[in-house]
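Structure first, commentary second.
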Amino acid sequence: MTGRRTRTGETTPSHDAGSTRRSGGESHPETVPSGAILALLGDQYTRRLLSLLVERPRTGRELDEATEMSRPTIYRRLEQLGEHGLVRTELQFDPDGHHRKRFHATVSTFDFSIGSQSIDVSPRNPDDDRP
């Protein structure tokens, strides 16, 4: 298989025009430290972007149109969410040679439990059937 190696050690295949490639945020959300999730969710811009992506996948342009954030802010927050496995990116290739990134939430809800020493956070993905 040809492609490039990701940080998680998986190979991302190369594709021709008209195909889709997944990249960014490939780590499973359950591996995210609770402190990192709490820090991300403490930011109003990050919460807004994640909420929009839980509704449906969107491109950067669609996120720009749906918010009053600057594009650098949007992409910085998306990068942080991707690094922690809460958002994944698909690169879509059009037959005319253009391409765009579409961002997908990999979580839809979080379960929080407060213990004597810490706060535990468990992300749930949109397809999770836990009660």
Side-chain angles (χ1 to χ4, degrees):
M1 176 197 291
T2 62
R4 66 178 180 82
R5 179 83 52 196
T6 65
R7 281 188 293 190
T8 59
E10 298 171 345
T11 300
T12 303
S14 300
H15 291 279
D16 297 325
S19 64
T20 301
R21 182 182 80 195
R22 292 182 182 182
S23 65
E26 293 292 337
S27 63
H28 195 277
E30 292 176 342
T31 63
V32 179
S34 297
I37 290 177
L38 292 171
L40 285 170
L41 297 178
D43 179 76
Q44 66 178 340
Y45 300 117
T46 304
R47 287 192 311 270
R48 177 71 177 133
L49 292 173
L50 192 54
S51 295
L52 288 167
L53 294 174
V54 166
E55 289 176 6
R56 66 180 174 85
R58 299 174 193 252
T59 64
R61 178 171 287 162
E62 291 170 328
L63 291 168
D64 182 36
E65 292 169 358
T67 67
E68 295 183 13
M69 294 179 223
S70 69
R71 282 199 182 187
T73 297
I74 291 170
Y75 284 102
R76 196 168 29 250
R77 296 316 191 278
L78 288 170
E79 182 178 337
Q80 292 168 341
L81 288 165
E83 287 173 355
H84 290 90
L86 303 178
V87 167
R88 71 176 167 81
T89 305
E90 276 185 359
L91 189 57
Q92 298 178 326
F93 296 94
D94 293 331
D96 64 2
H98 291 92
H99 65 278
R100 74 180 63 85
K101 290 181 181 180
R102 182 169 302 280
F103 302 94
H104 301 255
T106 61
V107 297
S108 58
T109 60
F110 295 92
D111 291 328
F112 295 91
S113 61
I114 301 172
S116 61
Q117 299 290 322
S118 65
I119 297 175
D120 294 322
V121 182
S122 301
R124 289 188 185 182
N125 74 40
D127 300 322
D128 200 344
D129 59 2
R130 289 184 284 180

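In this chain, numbering begins with 1 at the start of the sequence shown.
The closest donor-acceptor contact from the side chain of Arg58 to the backbone of Leu52 lies under 3.5 Å. Looking only at distances, no side-chain donor or acceptor of Thr106 sits under 3.5 Å from a matching main-chain atom of Arg88. Between the side chain of Thr109 and the backbone N or O of Arg124, no donor-acceptor pair lies under 3.5 Å.
Here the straight-line distance linking atom OG of Ser113 with atom CG of Asp120 works out to 4.0 Å at 0.5 Å rounding. Taking CZ from Arg48 and CG from Asp43, the interatomic distance works out to 13.5 Å, rounded to the nearest 0.5 Å. Rounded to the nearest 0.5 Å, atoms CG (Leu40) and CZ (Phe110) are 8.0 Å apart. Here the CG-CZ distance, from Leu63 to Arg102, works out to 10.0 Å after rounding to the nearest 0.5 Å. Interatomic distance, CZ of Arg76 versus CG of Leu81, reported as 12.5 Å (0.5 Å rounding).
When the shell of 6.0 Å around CD of Glu55 is examined, it contains more than 12 heavy atoms from other residues, nucleotides or ligands. More than 12 heavy atoms of other residues, nucleotides or ligands lie within 6.0 Å of CZ in Arg47, so this atom counts as buried by the packing criterion.
For His104 against Pro57, the heavy-atom pair with the smallest separation is ND1-CG, 3.1 Å. The shortest non-hydrogen separation linking Val121 to Pro123 is O-CD, 3.7 Å. When all heavy atoms of Leu53 and Phe103 are compared, the closest pair comes out as CD2-O, 3.4 Å.
No side-chain heavy atom of His84 sits under 4.5 Å from any side-chain heavy atom of Ile37. Residues Lys101 and Leu78 fail the side-chain proximity criterion, which asks for heavy atoms closer than 4.5 Å. Considering only heavy atoms from C-beta on, Tyr45 stays 4.5 Å or farther from Thr67 through its side chain. Side chains of Arg77 and Met69 form no contact here, defined as non-hydrogen atoms less than 4.5 Å apart.
Ring geometry, Phe93 versus His99: the interplanar angle falls from 30° to 60°, so the pair is classed tilted.
Cluster annotation: Leu86 and Ile119 are assigned to the same hydrophobic cluster (Ile/Leu/Val/Met/Phe/Trp/Tyr, side-chain heavy-atom contacts under 4.5 Å, transitive). If you chain together hydrophobic residues whose side chains sit under 4.5 Å apart, Ile74 and Leu41 fall into the same group. Leu38 and Val54 fall into different hydrophobic clusters, where Ile, Leu, Val, Met, Phe, Trp and Tyr side chains are chained together by heavy-atom contacts under 4.5 Å.
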